[in-house]
Structure formats: C-alpha cells, structure tokens
Engineer: 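Got a structure here, written out as structure tokens. Questions coming.
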Amino acid sequence: MTPAVFEPATPLAPPAGRTTNDLIRQQNLASVLALLHSRGALSRAQLGAMTGLNRSTVTGLIMELTELGLVREAPSGERTGKVGRPTLDLEPEDHVAALSVRAEPHAVTVALVGLGGVVHARLRHDTASAPSPRRFVQIVASSVEAMRADIDRHYRVVGAGLAVPGLVNANGSVLVSPTLGWRRDPVSARLSDELGMPVTAGNDASIGALAESRFGVGVGVGNLLYLGGAMHSIGGGLIIDGTLLRGTSGYAGELGHTVVDPRGRACVCGRRGCLEAEVSLDILEPLLGRRKLDEDELDVELGVARNPRVMTEVTRQVEMLSLALTNFVNAFAPETVVLSGYLGALLSVSRERLADAVRVHPLGAEGRTIRLERAHLRSRLMLIGPAELAFADLLSNPAGFRG
C-alpha cells in the first residue's frame, strides 16, 4: 500500500493559469518520485502497479523526472531473457540533497542527506550546555562551511530541515523549548538568513513519526502513533489517515506532557507527574552508574542489569509508560505504535508488559490488532527525518525543481 502521506491534496479548482491536466500531471510526477524516494529502486512495472498508471504514462513521467535530474536508471541485476542484458530499475538521484539539522541540549548535529534517505555526511558538535539560538546558528553555519567544498562539487541542495525538541509553529518559530531554554525565537528565519537557503523547522517527535512512516516500520501504515524518548524529554507524533497531525499552529503531539501521576515529579512545564518527568533516562542513569548512554549502550546495560534499584525503577517507569500507552491507543486508535530512543530501549526489556498496554478493547474495536514496534531507523532517525521537511516542496511539485 502506498503511504497516503505522499498524496498531494487535490484543490477544488485549478489555480489561475493552470488546467486540470496540469494538476493531474503534477500529482502523478509527485506520486512516482515519492515512491522512489521512500521505497528505493523500482521497475517501471512496479511503479505502474503501485500508482495505477499505465505503462506509457509511467514512461513519460520517468522521462521528465530524469530530465529534471531527479531520477536515474540503474541495473536491477535481472535478465530480460531475450538478449541477456540486465533490466533497468529507476532510483532517486541522491546527489539532490538537503541539510538535516538537529538541536539538542548538549549537541548540534548537521547532516547532508540525499533523496532516498542516503546520509552522505554528518557532523556533530558537542556543547557543555544548551546553546542560545544565536550560538546555535553559528555552530550550524560553521558545520555547513566545513562541508562546503564537497557540497559545491557534488550536490544540489534544496534547503534545510531543522528538528527542535519543543513547540514549533508553522512559520518555523520556536514558541518554547524547555530543554533548550528557547522561547519565542524565529530560529528558522535566523538560520535561513545565515545559510542563504530556505529552512523549515518542526518538532522533533513529529519529524520522527514522519521519517518512520516513510522509511521505517510505518511504511504503508495509515494510522500511526509515535513516541520518542530523548535524554531530557518525550515527544509524540501522530499520523492520522495518512496525514501528519499538526493541530493549531502546528502544536499537536505534545504527548510527553500527559499527566500520568498528579502527585508525581515536577515537570519543566510547571505541572507534576507528566509522562516525560516520570519516564526519564535522567532518573535511571545515576542508578546505572553511567552517563550519556546512546541507544545501543542502553540496550546492553538494561539487558544485563541485576541491581535491584535499577530493576525497580525500570518496572516503575514501564508501568507509567503502559498507562500512557493505554490512554493514547484509546484516544487515537492507531494501527501501529512506534517507540524510539529511550522508550525503544524500555520496549526491548519489557515487551510483554508494554504489549499488554496496547491490547485494549474499546467500543467497536473487536478483532482489532495493534502492532507495537521499536523504531527501525534507530540512530539514522534524526539524520533522515529533518531532511524530509526540506524535501517537502520538491516531492509535492517535482516539475518546479530547477536546482
């Protein structure tokens, strides 16, 4: 099934100067390019079957995308049986690229990502504390400058995408990011001015949901609930009927601030007992005796943990997470629940208990099965994800690309 998140919305009437045929052609180009972007190399026959378009139409679309420099042919390794030559598949041109930027309390990461989710380069700059927006922009600009010679020689960059742990509005301004200490800052405009290219910013968890729906465990899933656990926060993203839920001003998905214990720990939002205050790696790391564990290291530590205090705390956090998952599943009725980061590590050691939390039977849900999965992209999630924001215009209107 083709993920509906790629389907361009159909306007009620064509804009001035454009015909219905123009719009249909734009949508068909977008559908073909989006499939190649998310699925990788495909044959013309596969593209026809997946889009419902006839062979001649697919051939014409591929020709146009190739002329635009967005698609290329590659040997599939299969023989035609007639002349012994390999057949040719189509794949996205990964030298068409975007900058992927992630802001964290103790690091700034910049990556160069090509169409198809190919990570060409990555630079991480560790910081002693959360950088100010101004300092953040300086670090990103310096990282991009370090890549400049390679970019200018080999790539066509369409723009940059920025992932921020906090509330980001539709204009790319950060309303509040408690873990970064940012408030009401037009960070995407600052970065755009500095880099000289369009910059699109979004909430990191919503970006994670989008990336998993296109390249990970959520491919083909119309309704997906994503929860990501970072070092100091938990964020949520929702794909509803194939579309990323944005809410008023783009602020939907703040599931980490769902209260699971009204008398619990103080949260940075000012309330008590929020999910991200109760289920936190910050609480567990001192008990493990190690700091700044990455996801793979955490898997190992939790897998061999025998310290009673560690096991008691893991059990408590899993119970809090289970309560939240039960409520989320009842509220949003997803087909698939995806846990990433720290929450993915908890899933690896407590799958049975967390699976019970999503085996709920609300009214009208007889026979419904909900998949509970760990994010497949793992360390690549926040490298690939922000680039999707930068690719959005290209994927919706390939014919407008003249980079």
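Worth knowing before you read on, the calculation uses all heavy atoms, side chains too, and leaves out hydrogens, waters and symmetry mates. Note that the structure is a prediction, hence the values are computed from the model and not measured.
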Engineer: Show the nearest heavy-atom pair for residues Leu162 and Ala103, with the distance to one decimal.
Structural biologist: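 In this case the closest contact between Leu162 and Ala103 is CD1-N, 4.4 Å.
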
Engineer: How long is the gap from CG on Leu287 to CZ on Arg309, to the nearest 0.5 Å?
Structural biologist: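 Answer rounded to 0.5 Å: 5.0 Å.
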
Engineer: In terms of side-chain geometry, is the basic nitrogen of Arg156 or Glu93 positioned less than 4.0 Å from the acidic oxygen of its partner?
Structural biologist: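 Looking at Glu93 together with Arg156, the answer is no, because their closest N to O distance does not fall below 4.0 Å.
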
Engineer: Could you pull out the closest heavy-atom pair between Val338 and Val217, with the gap in Å?
Structural biologist: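 Reported closest heavy-atom pair: CG2-CG1, 3.4 Å.
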
Engineer: CG/Leu346 to CE/Met320 distance, rounded to the nearest 0.5 angstrom?
Structural biologist: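 One finds 13.0 Å between CG of Leu346 and CE of Met320.
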
Engineer: Donor-acceptor check, side chain of Ser142 to backbone of Ile139, threshold 3.5 angstrom: yes or no?
Structural biologist: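 No; judged by distance alone, with no hydrogens or angles, the pair does not exist.
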
Engineer: Pair Arg72, Glu91 - check salt bridge (charged side-chain N to carboxylate O under 4.0 Å, His left out), show working.
Structural biologist: CA-CA 6 Å; Arg72 65 190 178 206; Glu91 62 185 15; 2.8 Å; yes

Engineer: If you draw a 6.0 Å radius around CZ in Arg184, do more than 12 non-hydrogen atoms from other residues or ligands fall strictly inside?
Structural biologist: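 Counting other residues, nucleotides and ligands, CZ of Arg184 stays at 12 neighbours or fewer.
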
Engineer: Could you tell me how the ring of His37 sits relative to the ring of Phe215: parallel (under 30°), tilted (30 to 60°) or perpendicular (over 60°)?
Structural biologist: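 Plane angle over 60°, so perpendicular.
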
Engineer: Tell me if a side-chain donor or acceptor on Arg271 pairs with a main-chain N or O of His257 at a distance below 3.5 Å.
Structural biologist: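 Judged by distance alone, yes, a pair lies under 3.5 Å.
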
Engineer: With a 4.5 Å limit on heavy-atom distance, are the side chains of Leu325 and Val337 in contact?
Structural biologist: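 The answer is yes, as the side chains (C-beta and beyond) meet within the 4.5 Å cut-off.
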
Engineer: Write down the atom of Val310, the atom of Leu288, and the distance for their closest heavy-atom approach.
Structural biologist: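 Closest approach of Val310 to Leu288, heavy atoms only: CG1-CD2, 3.8 Å.
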
Engineer: Tell me if a side-chain donor or acceptor on Thr258 pairs with a main-chain N or O of Leu255 at a distance below 3.5 Å.
Structural biologist: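 Side chain of Thr258 to backbone of Leu255, a donor-acceptor pair under 3.5 Å: yes, one is there.
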
Engineer: May I ask you to say whether Glu278 pairs ionically with Arg265, meaning some side-chain N is under 4.0 Å from a carboxylate O?
Structural biologist: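 Yes, Glu278 and Arg265 are salt-bridged.
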
Engineer: Could you tell me the separation between the CE atom of Met147 and the CG atom of Leu123, rounded to the nearest 0.5 Å?
Structural biologist: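 CG of Leu123 is found 4.0 Å from CE of Met147.
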
Engineer: Would one find more than 12 heavy atoms of other residues, nucleotides or ligands at under 6.0 Å from atom CZ of Arg183?
Structural biologist: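 Incorrect, the count does not exceed 12.
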
Engineer: Does the Arg102 side chain pair with the main chain of Ala111, one donor and one acceptor, at a distance under 3.5 Å?
Structural biologist: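 Looks like no, no N/O pair under 3.5 Å.
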
Engineer: Nearest 0.5 angstrom please: Glu254 CD to Leu275 CG, how far?
Structural biologist: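 Going from the CD atom of Glu254 to the CG atom of Leu275 covers 11.5 Å.
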
Engineer: In Å and rounded to the nearest 0.5 Å, what is the CG to CD distance from Leu227 to Glu276?
Structural biologist: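 Leu227 atom CG to Glu276 atom CD measures 11.5 Å (nearest 0.5 Å).
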
Engineer: Could you go step by step and tell me if Glu212 and Ile239 meet the side-chain contact (heavy atoms from CB on, under 4.5 Å) rule?
Structural biologist: CA-CA 10 Å; Glu212 279 292 326; Ile239 305 289; over 6 Å; no

Engineer: Does Thr336 reach the main-chain N or O of Arg371 with its side chain, forming a donor-acceptor pair under 3.5 Å?
Structural biologist: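 Here the side-chain-to-backbone pair does not exist.
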
Engineer: Could you measure the distance from the CG atom of Leu65 to the CD atom of Glu67? Nearest 0.5 Å is fine.
Structural biologist: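 So the gap between those two atoms works out to 9.5 Å.
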
Engineer: If I compare all heavy atoms of Trp182 with all of Val187, which pair ends up nearest, and what's the gap?
Structural biologist: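 Residues Trp182 and Val187, closest heavy atoms: CZ3-CG2, 4.0 Å.
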
Engineer: Would a distance-only check, ignoring hydrogens and angles, find a side-chain to backbone donor-acceptor pair under 3.5 Å from Ser192 to Ser188?
Structural biologist: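 Pair absent, no side-chain N/O of Ser192 close to backbone of Ser188.
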
Engineer: Distance-only, no hydrogens or angles: does the Arg380 side chain make a donor-acceptor pair with backbone N or O of Gly117 under 3.5 Å?
Structural biologist: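 It does hold such a pair.
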
Engineer: Does this structure show an ion pair linking Glu194 with Arg134, if we count only N-O contacts that are shorter than 4.0 Å?
Structural biologist: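 Salt bridge flag = no for Arg134 with Glu194.
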
Engineer: Using modelled atom types only, decide if a donor and an acceptor are shared between the side chain of Glu335 and the backbone of Gly222 within a distance under 3.5 Å.
Structural biologist: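 Side chain of Glu335 to backbone of Gly222, a donor-acceptor pair under 3.5 Å: yes, one is there.
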
Engineer: May I ask you to test the Asn223-Phe332 pair for a side-chain heavy-atom distance under 4.5 Å?
Structural biologist: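 Side chain of Asn223 against side chain of Phe332, heavy atoms only: no contact under 4.5 Å found.
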
Engineer: Answer whether the closest heavy-atom distance between the side chains of Leu112 and Val157 falls below 4.5 Å.
Structural biologist: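 The answer is yes; the side chains approach within 4.5 Å.
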
Engineer: State whether the side chain of Gln26 and the backbone N or O of Ala399 hold a donor-acceptor pair below 3.5 Å, judged by distance alone.
Structural biologist: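 No; zero donor-acceptor contacts below 3.5 Å.
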
Engineer: Mind checking what makes side-chain hydrogen bond (donor to acceptor under 3.5 Å, both in side chains) contact with Arg190, not counting sequence neighbours?
Structural biologist: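 Checked Arg190 against side-chain hydrogen bond (donor to acceptor under 3.5 Å, both in side chains); matches are Asp185.
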
Engineer: Determine, for Asp356 against Arg359, whether the closest basic-nitrogen to carboxylate-oxygen distance falls under 4.0 angstrom.
Structural biologist: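 Salt bridge: yes.
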
Engineer: So, Asp261 and Arg316, do they make that salt bridge, N to O below 4.0 Å?
Structural biologist: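 So Asp261 does not pair with Arg316 through a salt bridge.
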
Engineer: So which atom in Pro398 and which in Leu33 form the shortest heavy-atom distance, rounded to 0.1 Å?
Structural biologist: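 For Pro398 and Leu33, the tightest heavy-atom pair comes out as CG-CD2, 3.8 Å.
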
Engineer: Provide the closest heavy-atom pair for Ser206 versus Leu244 in the form atom of the first, atom of the second, distance.
Structural biologist: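 Taking every non-hydrogen atom into account, O-CD1, 3.8 Å.
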
Engineer: Taking the side chain as every heavy atom from C-beta outward, state whether Asp150 and His120 have any atom pair closer than 4.5 Å.
Structural biologist: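 SC-SC contact between Asp150 and His120 ruled out.
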
Engineer: Residues two or more places apart in sequence or in another chain: which of them pass side-chain hydrogen bond (donor to acceptor under 3.5 Å, both in side chains) with Thr57?
Structural biologist: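 Listed in chain order: Asn54.
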
Engineer: Are any non-hydrogen side-chain atoms of Thr179 and Val268 less than 4.5 angstrom apart?
Structural biologist: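 A side-chain contact under 4.5 Å is absent here.
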
Engineer: Backbone N or O of Gln27 within a donor-acceptor pair of the Ser31 side chain at under 3.5 Å?
Structural biologist: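 Judged by distance alone, yes, a pair lies under 3.5 Å.
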
Engineer: Is any side-chain heavy atom of Pro165 closer than 4.5 Å to a side-chain heavy atom of Glu104?
Structural biologist: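 When only atoms from C-beta onward are counted, Glu104 and Pro165 do not touch, as no gap falls below 4.5 Å.
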
Engineer: For Val279 and Tyr342, what are the C-alpha separation, side-chain angles and deciding distance, and is it a side-chain contact (heavy atoms from CB on, under 4.5 Å)?
Structural biologist: CA-CA 9 Å; Val279 180; Tyr342 174 50; 4.1 Å; yes

Engineer: Considering only heavy atoms from C-beta outward, does the side chain of Leu29 approach that of Leu70 to under 4.5 Å?
Structural biologist: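 Not in contact.
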
Engineer: Phe391 and side-chain contact (heavy atoms from CB on, under 4.5 Å): which partner among Asp393, Leu389, Leu395?
Structural biologist: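 Testing each of Asp393, Leu389, Leu395 against Phe391, the sole residue satisfying side-chain contact (heavy atoms from CB on, under 4.5 Å) is Leu395.
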
Engineer: With a 4.5 Å cut-off on side-chain heavy atoms, are Ile234 and Leu321 touching?
Structural biologist: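 They are not in contact (no side-chain heavy atoms under 4.5 Å apart), so the answer is no.
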
Engineer: Step by step, work out the side-chain contact (heavy atoms from CB on, under 4.5 Å) result for Ser348 and Arg374.
Structural biologist: CA-CA 8 Å; Ser348 71; Arg374 187 171 187 174; 3.5 Å; yes

Engineer: Phe136 and Leu180: side-chain contact (heavy atoms from CB on, under 4.5 Å), yes or no, with the steps?
Structural biologist: CA-CA 10 Å; Phe136 168 75; Leu180 293 174; over 6 Å; no

